[in-house]
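Working notes for the structure below.
Just so you know, residue 1 is the first one in the sequence shown, and it goes up from there.
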Amino acid sequence: RKEVDETQRILLDVLYGKRMSEKRLQRLRAVGVREEQNLRVVLFQVEDWKGRPETPRETAFYEEEGEEQYRDEIFSLLREEILRERGHCPITLYEDDILWVAEAPQGQRLQPLLQELLGKLEQRLPGTEVRIGVSEIFQDIRALRTHAGQARDALALSQQRDQGKKVTFYDDLVCWQLFRRAGSREALAGMADRVLGPLLAPERAELLETLACYISHDCNAKETAKALFLHVNTMRYRLDKIQTLLPRDLDRMEDLFDIMLALKLQAFCSWENENGPTKI
């Protein structure tokens, strides 16, 4: 237990200390995080504390104490399973986040192991809802904070883009990475507006929602109608109106690409406005 506490303390100091000093790096190496390894930061986050399963052993008087007990139980379970699988587990707990610095051999994306961990959590703590964000591979441990930020971005963006996805890799957020390097939010928002402009009026919000849902359902009108609880004829009417207003042809790949890109730009700018720069 003493070794676990020391590992947690060192990781927290490196992640949240004022600066990444050589002394902090040496302490990080001492708990097994070294430059010659390929590493990824894996961030686990419980989605909804209020949805936690009730257990007979939970005797906390305050709700916050119950949440803390539950979080600690999840942390212990994850650490136990990772140790069993890997024999080594630099992992720490900060507020509602559980952060693991995972060894990531080239060509292995940790996906099977992470899915297995989610399955173990569900088996041992039924009803547990956890999302996972995973950074790019890195070797320079001085970049640990940056990659912890990537894991947080992957987690936050998956919540905004795909409510059903439990594991998101920063590697897969190609558009978001491009947008961050492309210029100001104002310029990117302007590009989206030029494509979607006619649908951005408040009275046409329904059409914009329909378009986004249609794209997310792989341009399948029947599935989109089902998702929006619409009659298929109403769905076709809306799609025709969207094509007339833009004007774009949803069956033409070039037009469809521009629309998809504009929707991604709009979602990205909205997310950036709400969240600002990633903090870790």
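Considering only heavy atoms from C-beta on, Asn38 comes within 4.5 Å of Gln139 through its side chain. Under the 4.5 Å side-chain criterion, counting only non-hydrogen atoms from C-beta, Phe268 is in contact with Leu188. At a threshold of 4.5 Å between non-hydrogen side-chain atoms, the residues Glu116 and Glu85 count as touching. Here the side chains of Leu196 and Leu263 are in contact, with some heavy-atom distance below 4.5 Å. In this structure, the side chains of Leu256 and Ile215 come closer than 4.5 Å at one or more pairs of heavy atoms. Residues Leu113 and Ile82 have side chains not in contact (no heavy-atom distance under 4.5 Å, counting atoms from C-beta outward). With a 4.5 Å cut-off on side-chain heavy atoms, Leu246 and Asp255 do not count as touching. Side chains of Leu200 and Gln266 form a contact here, defined as non-hydrogen atoms less than 4.5 Å apart.
Atom CG in Leu118 sits 11.0 Å away from atom CZ in Arg131 (nearest 0.5 Å). Here CD of Glu254 is found 12.0 Å from CG of Asp249. Values are rounded to the nearest 0.5 Å. Interatomic distance, CG of Asp97 versus CZ of Arg71, reported as 9.5 Å (0.5 Å rounding).
A donor-acceptor contact shorter than 3.5 Å links the side chain of Arg86 to the backbone of Glu103. Gln243 places a side-chain N or O within donor-acceptor distance of the main-chain N or O of Leu250, the cut-off being under 3.5 Å. Proximity of a side-chain donor or acceptor of Arg204 to a complementary backbone N or O of Pro198 within less than 3.5 Å is detected. Looking only at distances, a side-chain donor or acceptor of Asp140 sits under 3.5 Å from a matching main-chain atom of Arg142. Without hydrogens or angle criteria, Glu81 side chain to Leu117 main chain gives no donor-acceptor distance under 3.5 Å.
Ion pairing between Glu122 and Lys166 fails under the 4.0 Å rule for side-chain N and carboxylate O. The pair Arg238-Glu206 counts as a salt bridge, with a side-chain nitrogen and a carboxylate oxygen less than 4.0 angstrom apart.
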Side chain to side chain contact (heavy atoms under 4.5 Å, CB included) assessment of Phe179 paired with Leu173: CA-CA 10 Å; Phe179 297 159; Leu173 301 174; over 6 Å; no
Test log, rule side chain to side chain contact (heavy atoms under 4.5 Å, CB included), inputs Ile98 and Trp100: CA-CA 7 Å; Ile98 297 170; Trp100 171 37; 5.8 Å; no
Test side chain to side chain contact (heavy atoms under 4.5 Å, CB included) applied to Leu110 and Val167, step by step: CA-CA 10 Å; Leu110 299 177; Val167 182; over 6 Å; no
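Checked by atom type, the side-chain pair Gln69/Glu73 shows no donor-acceptor distance below 3.5 Å.
By the side chain to side chain donor-acceptor pair (under 3.5 Å) test, Asp251 pairs with no residue at all, sequence neighbours left out.
Residues Gln111 and Phe169 share a closest heavy-atom pair of OE1-CE1, 2.9 Å.
For the side chain to side chain donor-acceptor pair (under 3.5 Å) with Asp258, the qualifying choice from Arg248, Arg194, Arg252 is Arg248, the only one to do so.
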